[in-house]
Amino acid sequence: MIPIITIEGPTGSGKSAIAMQLALELGTELISADSRQVYQKLDIGTAKPSKEEQEMVHHHLIDIIDIKETYTAGDFKNQAGKICAVLWSQKKIPIIAGGTGLYIRSLLHGLFTIPQVPIEVKQEFRELQEKNGLEFLHQYLSKIDPIAASKISVNDQQRILRALEVWKFTGTPITEHWKHQEHTSPFRALRIFISPNRSELYQRIEKRLDTMIEKGILREIEDLLHNGYDWRDPGMNAVGYREFIPYFTKLDSWQNCLIKAKQHTRNYAKRQWTWYNKCNFDLTISPDAITLSKLIDVVGHFCVDL
RNA sequence: GGCGAGAUAGCUCAGCCGGUAGAGCAGAGGCCUGAAAAGCCUUGUGUCCCCAGUUCAAUUCUGGGUCUUGCCA
């Protein structure tokens, strides 16, 4: 079993800083579990660690793909898994830090394994949806996989399409894949949750977004648009970016866009919170109560059992 | 000053021919198996600006007032 430490928490909770300290102390490296920091050129709005920080501690899975490419939980699971194995072979305990809950869950608890669904299959159902509507697809799903259909809302385009694609491509309903999924994990995780006070976090989010303006998020976006990137590109679907579309299409002021960006970041933090409520953490600690020595202590106990 | 337009949920607004109101967003809570910073679900009693009139009944019609806003001067 490979030991790993996770540092999790809502956006803006300060997990990156804590993870850095711990990595330095343990002489190990960080793996980012962040669905937006994987993208190159999305720097300011994703609060990516600076060059200096990245020199101090090696950060994996940052800046690995282009904005026009998609990245999935499966990609993360595979890549992070390999990196963990390599690090542990060097006697380094991998530290995973990031707010993308699904990524960490995929790594720790696995996904049912099927190859990437080909675009043709995806396309087929998109066309079917355009012709007959979403409701039709949901009814279709209820015939081939009633359990999935009952769990998935009629309006949940993403999951309806996914369930149909998986069934079409593999010949097996998605709920069957779930049943036969492997649940053993090659990891032994020490999971640490950074839990800030709600109103304090919201204040930090406000400040963080203001800082992004100061750092030049608008220029960053402008450059991207000038360099051939488009709002429809997968990477551009990010809080702190898409809210500025009205500004760049001259429909609203950047100030109003900023207000939206703050709201959406708060909404996002809340969604993360709800997700984390169901996770089992070994240590839950508020950002201001946390100290390096306390962390080392906990990690020490963890290491004794290895 | 003249001629219009508007005043309805925290915000932006819908409410045909009169029967005391409803969407989106925000807020709150929840879900989540390859788009997850995504996607989805639940949750809306507010002096319908004020006053008077018509009417069995006015947010909805009429008159007056107040405020906001557009155009012309």
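For clarity, every value in this text was computed on a predicted model and none was experimentally measured. Just so it is clear: chains get the letters A, B, ... in the order the sequence lines come, proteins before strands, and each one is counted from 1.
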Name all residues meeting the side chain to side chain contact (heavy atoms under 4.5 Å, CB included) criterion together with [X]; count only those two or more places apart in sequence or in a different chain, and write none if there are none.
X         : result
Glu25(A)  : Leu292(A), Ile296(A)
Thr211(A) : Lys215(A)
Pro186(A) : none

Any residue meeting ring-ring contact (aromatic ring centres under 6.0 Å, His included) with [X], in chain and number order, not counting sequence neighbours:
X         : answer
His301(A) : none
Phe193(A) : Tyr276(A), Phe281(A)
Phe187(A) : none

Revision key, fill the gap. Under a side-chain separation threshold of 4.5 Å, the hydrophobic residues clustered together with Ile147(A) are none
Revision key, fill the gap. The remaining residues in the hydrophobic cluster of Ile174(A), counting side-chain heavy-atom contacts under 4.5 Å among Ile, Leu, Val, Met, Phe, Trp and Tyr, are Phe112(A), Ile114(A), Val117(A), Val121(A), Phe125(A), Leu128(A), Leu134(A), Phe136(A), Leu137(A), Tyr140(A), Leu141(A), Ile144(A), Ile152(A), Ile160(A), Leu161(A), Leu164(A), Val166(A), Trp167(A), Phe169(A), Trp178(A)
Using atom types as modelled, flag every donor-acceptor pair under 3.5 Å from a side chain in residues 225-247 of chain A to any protein atom, sequence neighbours excluded.
unit_1    : atom_1 : unit_2    : atom_2 : d
Asn227(A) : ND2    : Asp223(A) : O      : 2.8
Tyr229(A) : OH     : Lys41(A)  : NZ     : 2.9
Tyr229(A) : OH     : Asp66(A)  : OD1    : 2.6
Asp230(A) : OD1    : Arg232(A) : N      : 2.7
Asp230(A) : OD1    : Arg232(A) : NE     : 2.9
Asp230(A) : OD2    : Arg232(A) : NH2    : 3.2
Asp233(A) : OD1    : Lys68(A)  : NZ     : 3.2
Asp233(A) : OD2    : Lys68(A)  : NZ     : 2.9
Asp233(A) : OD2    : Asp230(A) : N      : 2.7
Asn237(A) : OD1    : Arg242(A) : NE     : 2.9
Asn237(A) : OD1    : Arg242(A) : NH2    : 3.1
Tyr241(A) : OH     : Gly45(A)  : N      : 2.9
Tyr241(A) : OH     : Glu220(A) : OE2    : 2.6
Glu243(A) : OE1    : Gly240(A) : N      : 2.7
Glu243(A) : OE2    : His264(A) : ND1    : 2.8

Listing time: all N or O pairs from protein to nucleotides 26-32 of chain B that are below 3.5 Å?
unit_1 : atom_1 : unit_2    : atom_2 : d
A26(B) : OP1    : Asn267(A) : OD1    : 3.4
G27(B) : OP1    : Asn267(A) : ND2    : 3.4
G27(B) : OP2    : Asn267(A) : ND2    : 2.6
G30(B) : OP2    : Lys270(A) : NZ     : 2.8
C32(B) : OP2    : Lys278(A) : NZ     : 2.7

**Study point:** Dot-bracket encoding of pairs in RNA chain B, which uses [ ] for pseudoknotted crossings and | for another strand, Watson-Crick or G-U under 3.5 angstrom
**Key:** (((((((..((((........)))).(((((.......))))).....(((((.......)))))))))))).
Review point. Is Asp210(A) salt-bridged to Lys262(A), going by a charged N under 4.0 Å from an acidic O?
Key: yes
Study note, to complete from the structure: Here the residues of residues 163-176 of chain A within 4.0 Å heavy-atom distance, strictly under, of RNA chain B are none
